[in-house]
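Take a look at the structure set out below.
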Amino acid sequence: MVSLRFIMVKKRQILVIGNNTTGCTPKHEKIAYEIGMEIAKSDSLLITGGLGGVMNACSHGAKDGCGLTMGIIPQDDPKFANEYCDIVIPSGMGFTRDFLNALSADGVIIVGGGSGTLSEVCAAYMSKKPMVAIRGFDSAIAPYIDGYVDHRKNVKIIGADTPKEAVEKILELITA
């Protein structure tokens with residue numbers, strides 16, 4: 001009698017955060033799209049806030065790269081998620097869902113962003129999640145790139161110049 005065992009290997013879960021529709025430029029979208037493609041190539045699960053801007057562009061890139069995407073949205077109705085989300089978690093938690101996003105991730109990639117992104121960065125920081133941020137954006141996150149959010153020095157936010165570099169660095173940090 002032959003017994004077959006399937007070994008399930010947990011996918012790495014990478015959260016990408018950044019500008020929502022407001023403040024999201026074509027440069028943000030291009031970089032986020034390429035990050036999504038790179039995450040798909042790495043066979044990792046992409047997690048986003050499931051809405052527009054960076055979240056939409058990154059999810060689009062991951063889908064075009066045949067990757068798996070999950071959006072954790074603040075609303076209680078899945079219809080608010082962008083069209084590229086394979087899995088939608090309608091949290092009904094409003095801004096509190098930022099903590100759910102951060103806690104669901106093995107690592108975080110940051111593409112610009114304002115106060116909402118900063119909230120997710122702080123949640124990830126307090127949970128000591130590895131983070132990589134794209135350099136070159138005037139954002140709420142810019143002062144913390146290649147440094148720490150506060151005196152505790154929980155986790156350094158590593159800077160990256162390209163989408164490929166960002167994904168390579170976060171994968172190194174996750175597996176370290």
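Worth saying up front: this structure is predicted, and the values here are computed from it rather than measured. Computed over heavy atoms, backbone and side chain alike; hydrogens, waters and symmetry mates excluded.
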**Request:** Check step by step if salt bridge (charged side-chain N to carboxylate O under 4.0 Å, His left out) holds for Asp106 and Arg12.
**Result:** CA-CA 6 Å; Asp106 296 315; Arg12 291 168 298 217; over 6 Å; no
key: Verdict with supporting geometry, Lys11 and Asp43, salt bridge (charged side-chain N to carboxylate O under 4.0 Å, His left out)   = CA-CA 7 Å; Lys11 281 187 176 281; Asp43 195 33; 2.6 Å; yes
* Using the side chain to side chain contact (heavy atoms under 4.5 Å, CB included) rule, take Val88 and Phe80 through it: C-alpha gap first, then chi angles, then the decisive distance, then the call. => CA-CA 9 Å; Val88 176; Phe80 289 98; over 6 Å; no
Walk me through it: do Ile14 and Ile174 pass the test side chain to side chain contact (heavy atoms under 4.5 Å, CB included)? CA-CA 9 Å; Ile14 301 173; Ile174 288 170; 4.1 Å; yes
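Side-chain atoms of Thr117 and Ser139, non-hydrogen and from C-beta on, never get closer than 4.5 Å to each other. In this structure the side chain of Ser127 reaches within 4.5 angstrom of the side chain of Leu103, judged on heavy atoms.
No more than 12 heavy atoms of other residues, nucleotides or ligands shown are found within 6.0 angstrom of NZ on Lys153.
In summary, of the residues considered (Ile110, Ile141, Thr48, Val111), a side chain to side chain contact (heavy atoms under 4.5 Å, CB included) with Ile17 occurs for Ile110 alone.
The line from CG of Leu46 to CD of Glu38 is 12.5 Å long, rounded to the nearest 0.5 Å. Expressed to the nearest 0.5 Å, how far CE of Met131 lies from CD1 of Ile145 amounts to 11.0 Å. To the nearest 0.5 Å, atoms CD (Gln75) and OG (Ser91) are separated by 8.0 Å. Between Asp86 atom CG and Ser59 atom OG the span is 8.5 Å, to the nearest 0.5 Å.
When hydrophobic clusters are built by joining Ile, Leu, Val, Met, Phe, Trp and Tyr residues whose side-chain heavy atoms come closer than 4.5 Å, directly or via intermediates, Ile35 is not grouped with Leu68. Residues Val132 and Ile157 fall into different hydrophobic clusters, defined by Ile, Leu, Val, Met, Phe, Trp and Tyr side chains chained together at heavy-atom separations under 4.5 Å. Val121 and Leu51 fall into different hydrophobic clusters, where Ile, Leu, Val, Met, Phe, Trp and Tyr side chains are chained together by heavy-atom contacts under 4.5 Å. Val155 and Val149 end up in the same hydrophobic cluster when Ile, Leu, Val, Met, Phe, Trp and Tyr side chains are linked at under 4.5 Å. Cluster annotation: Leu45 is not connected to Ile109 through the hydrophobic network of ILVMFWY side chains, with a link wherever side-chain heavy atoms come within less than 4.5 Å.
In terms of heavy atoms, Val108 sits closest to Ala124 at CG2-CB, 4.0 Å. For the pair Glu29 and Cys24, the tightest heavy-atom approach, listed with the atom from each and the gap, is CG-SG, 3.5 Å.
For the 3.5 Å distance criterion, the side chains of Asp64 and Tyr84 fail to qualify, holding no donor opposite an acceptor. For the residue pair His60 and Asn56, no side-chain donor N or O sits within less than 3.5 Å of a side-chain acceptor on the partner.
Using a distance-only test at 3.5 Å, with no hydrogens or angles considered, a donor-acceptor pair links the side chain of Asp77 to the main chain of Lys79. A distance-only check finds no donor-acceptor pair linking the side chain of Asn82 to the backbone of Gly52 [under 3.5 Å]. With hydrogens and angles ignored, the 3.5 Å screen pairs a side-chain donor or acceptor of Asn154 with a backbone N or O of Tyr125. Panel note: side chain Arg97, backbone Ile72; a donor-acceptor pair is recorded below 3.5 Å.
A salt bridge does not link Lys169 to Glu172: none of the charged nitrogens lies less than 4.0 Å from a carboxylate oxygen.
Phe137 and His28 have parallel rings, their planes meeting at less than 30° on a 0 to 90° scale where 60° marks the start of perpendicular.
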